[in-house]
4 protein chains.
Amino acid sequence: MPAQNSSPSHSQGPRRSPTSHQAIVSAAVELAGELPYSRLSIEAIAARAGVGKQTIYRWWPSKAAVVLDAVLTWSQGDDGDLQLPDTGDLETDLRAVLHATVDELNDPHYDRPMRSLTVAIVEDAQLAAEYGERLERPLHQAKKARLHRAQLAGELDPEADLDVAVEMIFGPIMNRWMTRSGPLTHAYADAVLATALAGLRRRG
Amino acid sequence: MPAQNSSPSHSQGPRRSPTSHQAIVSAAVELAGELPYSRLSIEAIAARAGVGKQTIYRWWPSKAAVVLDAVLTWSQGDDGDLQLPDTGDLETDLRAVLHATVDELNDPHYDRPMRSLTVAIVEDAQLAAEYGERLERPLHQAKKARLHRAQLAGELDPEADLDVAVEMIFGPIMNRWMTRSGPLTHAYADAVLATALAGLRRRG
Amino acid sequence: MPAQNSSPSHSQGPRRSPTSHQAIVSAAVELAGELPYSRLSIEAIAARAGVGKQTIYRWWPSKAAVVLDAVLTWSQGDDGDLQLPDTGDLETDLRAVLHATVDELNDPHYDRPMRSLTVAIVEDAQLAAEYGERLERPLHQAKKARLHRAQLAGELDPEADLDVAVEMIFGPIMNRWMTRSGPLTHAYADAVLATALAGLRRRG
Amino acid sequence: MPAQNSSPSHSQGPRRSPTSHQAIVSAAVELAGELPYSRLSIEAIAARAGVGKQTIYRWWPSKAAVVLDAVLTWSQGDDGDLQLPDTGDLETDLRAVLHATVDELNDPHYDRPMRSLTVAIVEDAQLAAEYGERLERPLHQAKKARLHRAQLAGELDPEADLDVAVEMIFGPIMNRWMTRSGPLTHAYADAVLATALAGLRRRG
DNA sequence: GTCTAACCGAGACGGTACGTCCAGTCTTGTT
DNA sequence: AACAAGACTGGACGTACCGTCTCGGTTAGAC
């Protein structure tokens, strides 16, 4: 008797093709840079990636999820970026970060895929949560950490809520970017930053 | 030459059916409250409105434009609202406005159509401009006017940029709503408002 | 007075495009002559016809139904053919018909579309009934009519069941064609005919 | 059809798993009894048999070939049946055979798999040849042998072509079964048989 | 008694086609 | 001329299978 059915299953899990995965993600970023989100199709991603549609549906639940992974993979360079500059002067450091952010948001190569992802996030709460955990939260923590150091250094009111503080600085800028309610300039960023810090600084 | 029979006074231009127009706009709001924007179809709007598809295409260039008109018409009550309360105490007045805003944004009857419109705006610069002129700017001006009175009354720094000021107060809240990056509570609104006003108040 | 708008609908029925209809039917016959039935796709028919797939699905319930209509339309010339030749000699007349039939069945231009239709009929009882009414029965009646004249003329046993008689003559040939159980020649047809008539003739 | 590499003498050839083979064939018959041929998939056969798809593709070139093997294996009882009854009276013996045939063809357990196989045969000349050799020819020979004995006994015209004779008797019935051009009854079989034998009997 | 090659189950892969939904255009007949 | 209705071409959806292709894991003979 072969006595072999002790192992209940072959249990080796799915074997995802890394080349296909990469091709899909790359194609998605490319296309997200060429088309608005609503005209970005899974069919086009599959065709561009040289992949069967089913390979996308097998691994991602929706177009939005593909775009999330695509943008995350694409901006992976940010992963090491989890440390904000710290020259000792908070406003200087934040100004540098904000200027870089504004420059990115004004660069179509960044703006277009990011805007696609944002459309998906505004529409889909599930995806927003996923995005929050995987990209937004680490960035938020890095910003908060910088503010925390400033707080310890006496640059900020010791009672300030730093989560709110981060949003005071970045929220108006992201909102202006999303809704295009005005030009997104360094000067605007500086004004936002100055006002926010004025409100956050140690009070006599 | 057809002699330009769109002659001024007596001409009637296109004879748009007011009942059809109203039915379309109502159906669009209803459906925007039931479905995410991406699954909202012109076909469904036409069917719900009891209208031929062509009647929609005749008067609106895109689904986004219908939704814009629909949401605008639906929230027309706000039109009289162009005056913010003025009790003499800016923070009290703004707190009331922010609480009302937060409550609306947390109400699915308001959130869902508005979110559909926002998706359309994030994706479509043309529509964003249209939206900016027709809804956002008047609201912005009303808010700015209240801040201006406060500035004149010495509650705010006379040098403060009031456009930035409005965005400091409302931007973080709208951003949190859109991206669902955190709970949208009265307390959060109060914290944003307090911080912003602290940064905007007369110094020295 | 509007009188009569009590009519619940405009009730004018569907307005099928005759050019699309014709193009679909033609493309189907063409493709049925190029591909085996199982590889004949609605997609290919639509593409060849320059038509949206939906236009096919709107008017036909299945690929089989398209093929039936296509073959019927294509062989419409047979419609006037409902009269078999009558020289007074039954065997001569039937031999001519059988030879023509055998020649057709051996002609790929006829064989291939007809075989596709036959595959559909063998598989689908519903379609078989449709086919029976629209093509087989008229042909059967024409053959039976010729046999009936022969019976009246004393060439056949007055008690012979003519429905069976028709099938005795054509059944073996059609069966051999379908199953390719042997070569389909004039000689074979003659042998079948001779045997059948020997069994059907007036017995002495 | 086994690929049967006729490798040199001592070779042992492929080591086909008999349990898998049997499971595939059984699953194919089962499914052929539940689904029309066009909706019978290799994937479903593999799943039902608890077998990898490759195991099917390794040993059979097509779905049609699996079905052929499946039906042949399933109806293997017929293999010993290669002797028709011989009571000395041809018509009695054939009537028994025809009634049994008609009963089988009217039994869904037999009709459905057989019809699937027939669909495959009508479409695929290669398979028809295979079927002809492995199932039809032995049956045909058995029928012909019985007719030959009748011919020797003087029941049939000594000049009758017995291949044609077999087809005269069985062709109309098979044709009616395939095309469902009429009810398949004992009475119909009797009428066909009587007419055919009338045409085949010793003349003069 | 290992070695090793073929077979096995499983199932991912690039594809084709399915049958459906909807976009945006066009046509018909009614108001 | 705008309207309700709805057919039209066409693009994309998400699913089912195709036939091919690895994966590990058995399972024989061959060594």
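Quick note on labels: first sequence line is chain A, next is B, and so on, each numbered from 1.
Atom pair C/Leu31:CG and E/dA17:P shows a separation of 11 Å (rounding to whole Å applied). Residue B/His21 contributes atom NE2, which lies 11 Å from atom P of F/dC3 at whole-angstrom precision. Atom CH2 in C/Trp60 sits roughly 13 Å away from atom C1' in F/dA7 (whole-Å rounding). Taking atom CD1 of A/Ile45 as the reference point, atom C1' of E/dG14 lies 17 Å away to the nearest angstrom. Atoms CZ (B/Arg48) and P (F/dA4) sit 17 Å apart, rounded to a whole Å. When rounded to the nearest whole Å, the span between CD1 of A/Ile56 and P of E/dG15 equals 12 Å. Taking atom OH of B/Tyr37 as the reference point, atom P of E/dC22 lies 15 Å away to the nearest angstrom. Rounding to whole angstrom units, CD1 of residue D/Ile24 and C1' of E/dC7 are separated by 12 Å.
A distance below 6.0 Å separates the ring centres of B/Trp60 and B/His21.
In this model, a donor atom of one side chain and an acceptor atom of the other lie less than 3.5 Å apart for D/Gln22 and D/Ser26.
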For nucleotides 9-12 of chain F, tabulate all protein N/O to nucleotide N/O atom pairs closer than 3.5 Å, reporting atom names and distance.
{"from": "F/dT9", "atom 1": "OP1", "to": "C/Ser20", "atom 2": "OG", "distance (Å)": "2.8"}
{"from": "F/dT9", "atom 1": "OP2", "to": "C/Gly52", "atom 2": "N", "distance (Å)": "3.4"}
{"from": "F/dT9", "atom 1": "OP2", "to": "C/Thr55", "atom 2": "OG1", "distance (Å)": "2.6"}

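Side-chain N or O atoms of A/Thr55 include none that pairs as donor or acceptor with a backbone N or O of A/Val51 at under 3.5 Å. A distance-only check finds a donor-acceptor pair linking the side chain of B/Lys63 to the backbone of B/Tyr37 [under 3.5 Å].
D/Glu34 is linked by a side-chain hydrogen bond (donor to acceptor under 3.5 Å, both in side chains) to D/Arg48, counting only residues two or more places apart in sequence or in another chain.
Judged by closest nucleotide on DNA chain E, C/Lys63 is the one of C/Lys63 and B/Tyr57 placed further toward the 5' end.
For the pair C/Trp59 and F/dG6, the criterion of a side-chain N or O lying under 4.0 Å from OP1 or OP2 is not met.
Between C/Arg115 and D/Asp124 there is no salt bridge, since no side-chain N of the basic residue sits under 4.0 Å from a carboxylate O of the acidic one.
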